[in-house]
Amino acid sequence: MTMAGKTWKNRRERLTATLNGEAVDRPAVCFYELNGLDEDSNDPDEFNIYTDPSWRELIELTRDYTDRIVMRKVPFIDDFDELENNKKLVSVPSDPLASISTEDISFDSNGSRIITRTIEAGSRKLTCRKRRDKDVNTTWTVEHLLKDADDLKALLELDFPEPCVEPDVSVVLEAEEALGDAGIVMIDTPDPLCLAAALFDMATYTMIAVLEPELFKELLERFAAILHPNTEAIVKALPGRLWRIYGPEYASVPYQRPENFRELVVKYDQPMVDAIQKYGGFVRIHSHGNLKDIIDDIASMGVDGLDPIEPPGQGDMELIEVRQRYGDQMVLFGNLEATDIENLPTDQFEQKIITAIEQGTSGKGRGFVLMPSSCPYGRKLPRLALENYKKMIEIVTGN
C-alpha cells in the first residue's frame, strides 16, 4: 500500500501518521472499547461476557483488521519495598478517593456484584453503591456518594490524598509489547470535572454546580491538585503517547450553560493538555452529545483530537461541520452510533459508514478515524451487530 511515495507496513504506523497529520493510505478504523487484546474468551470469570461464543468472530475481526487503540489507566506505586520487591498499586488518578475510603463487595439475590464504598466524614457516613450484573459489561451506580450540599461540605472537611510520585509504566509497556505493530496504547484519564460530577446523580450535580458554585469550585480545585501533578508524572515517564481526557461532556448543553464550560473544563483541563503536549504527547478530548456551543472552547485548548462526534440525534453537529471548522487542528474520531450498530439493517448502516468517511475525509484536515461511540455490552452479541461491524471493515479495508 502506498500514498505520497510512502510504503505502509502496519497499523501502528497508520495511526501514528494520522496523529501527526501525515497522509495515509486509508482512514483508520477502530472499534473503540473493543481492541482484541482485553477481550479474553478463556477467562472463566462468571462476569466475563466474552466467554459467550457469539463474541468470538468479532474479537478475531477486531484483532486482525482494526487499527487497534488500547486504553490504559496508569496506576501509581505506593510503599515500594526494594528489599522485598513488593509494591502497592493505588488507582490514582482515576480513583483519588480510594485511600480515604473503605470498600465492601457483596452479591445480591440475582448474583449481581455490589460494591459499597464508604467514607467517614465527621458525623456523616458517605455511601456509594455500584452494581455489576453477570450478563452486562458495565457498572451501574445505584447510590451516589454525595446526595446534597451538606455531604459535599463534609467531604471537603477531609484531607484529600497527596499526588503520587511514581507511575507504574508497566501497564502501558506490556500492552505495547503485546500489540506489536497492530496498534497503539492510549492513556486514559478523567478530568477534575468528571471526578467531581460523578460523585452526585446528574440532577444534583447540575444544581450544586449552579447554586453552590464556590463549594463546587473547591471540589474541582481539590481534584486538580491531584490530577495535574499526576498527569505530569505519567507523561514524563511515558512521553509521546496518545491520551484521552474524559469529563467535558458534563459541562455541555443541556447540563450547563455554554459560558460555564470555560470555568468548569478549560480552566482545569488546559494544564493537563499543556503537560501532555510538552512531552510530545497527543490529547484527545472525549465528549458525548452536543458540541455546537462548546467546540470553540475545546479547540481553544489546542487539543489534537476529538471523539466521538455523534451525529444529530445524539449530538447537534454534522461531522462535516466539525471537519470544516477544526479539522486542520484535530484528528476526528467516531461519528457512528453504537445503537445503530445493534439496530440498523446492514444496508442502512452501510450508508452511515459511507457518509462518515466522506465527511471525515473531505477537504483539508489533520486526519479521521472511523469509530463507534461505544460498543455492545450484553453477553449475547446480536448477529446484526456482528454483520454491521464486518461491514465497517469491508468498506474501509476491503477485507
Side-chain angles (χ1 to χ4, degrees), residues 73 75-79 88-110 112-133 138-165 189-231 246-251 255-257 260 263-265 267-269 271-272:
K73 297 184 185 300
F76 280 77
I77 300 170
D78 190 22
D79 298 334
K88 174 186 175 185
L89 298 183
V90 289
S91 298
V92 176
S94 59
D95 191 10
L97 297 183
S99 64
I100 62 172
S101 307
T102 59
E103 283 195 352
D104 175 67
I105 298 177
S106 60
F107 297 87
D108 66 14
S109 58
N110 296 317
S112 297
R113 184 166 56 211
I114 307 297
I115 302 173
T116 302
R117 166 170 288 187
T118 57
I119 296 178
E120 300 290 342
S123 61
R124 302 177 84 88
K125 185 176 183 178
L126 310 177
T127 304
C128 172
R129 289 190 304 121
K130 297 185 177 184
R131 189 189 80 233
R132 169 71 193 276
D133 301 333
T138 194
T139 301
W140 309 101
T141 301
V142 295
E143 179 182 353
H144 288 80
L145 187 74
L146 304 182
K147 282 77 172 176
D148 52 33
D150 288 335
D151 280 351
L152 174 54
K153 292 174 184 176
L155 180 67
L156 291 174
E157 289 294 321
L158 301 177
D159 292 327
F160 278 39
E162 293 294 320
C164 293
V165 176
T189 182
D191 66 3
L193 177 59
C194 183
L195 293 177
L199 297 180
F200 308 87
D201 66 52
M202 201 66 186
T204 305
Y205 148 66
T206 55
M207 289 190 296
I208 293 288
V210 172
L211 300 178
E212 301 279 359
E214 293 306 314
L215 267 182
F216 194 73
K217 179 182 177 181
E218 184 177 349
L219 184 61
L220 291 174
E221 293 286 346
R222 295 284 193 93
F223 283 133
I226 299 170
L227 276 179
H228 291 170
N230 283 344
T231 299
Y246 57 94
E249 65 197 47
Y250 277 107
Y255 309 116
Q256 293 290 328
R257 295 175 180 173
N260 292 349
E263 281 299 307
L264 297 176
V265 176
K267 178 179 178 179
Y268 296 102
D269 288 18
M272 299 171 70

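All heavy atoms count here, side chains included; hydrogens, waters and symmetry mates do not.
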Indicate yes or no: at least one non-hydrogen side-chain atom of [X] is less than 4.5 angstrom from one of [Y].
X	Y	value
Thr189	Leu227	yes
Leu158	Glu120	no
Lys267	Lys217	yes
Arg117	Asp95	yes
Pro192	Asp269	yes
Phe216	Leu193	yes
Leu199	Leu126	no

Assess whether atom CG of Asp159 is packed by more than 12 heavy atoms of other residues, nucleotides or ligands within 6.0 Å.
-> no
Return yes when atom CZ of Phe160 has more than 12 non-hydrogen atoms of other residues, nucleotides or ligands closer than 6.0 Å, and no otherwise.
yes
Calculate, to the nearest 0.5 Å, the distance between atoms [atom1] and [atom2] belonging to [X] and [Y] respectively.
X	Y	atom1	atom2	value
Leu145	Asp201	CG	CG	12.0 Å
Leu195	Ile226	CG	CD1	8.0 Å
Ile119	Leu97	CD1	CG	5.0 Å
Asp108	Asp133	CG	CG	7.5 Å
Ile114	Glu143	CD1	CD	11.0 Å
Lys125	Asp151	NZ	CG	13.5 Å

Q) Using 4.0 Å as the upper bound for N to carboxylate O, is an ion pair formed by Arg124 and Asp148? A) yes
Taking [X] for the side chain and [Y] for the main chain, is one N or O donor matched with an acceptor at less than 3.5 Å?
X	Y	value
Arg222	Leu156	yes
His144	Met202	no
Lys147	Thr127	yes

Heavy-atom pair of closest approach, residues [X] and [Y]:
X	Y	value
Phe200	Tyr205	CB-N, 3.6 Å
Met272	Pro190	CE-O, 3.6 Å
Ala224	Pro229	O-CD, 3.8 Å
Cys164	Asn230	N-OD1, 3.0 Å
Ala251	Val265	CB-CG2, 3.7 Å
Ala197	Tyr250	CB-CD2, 3.4 Å

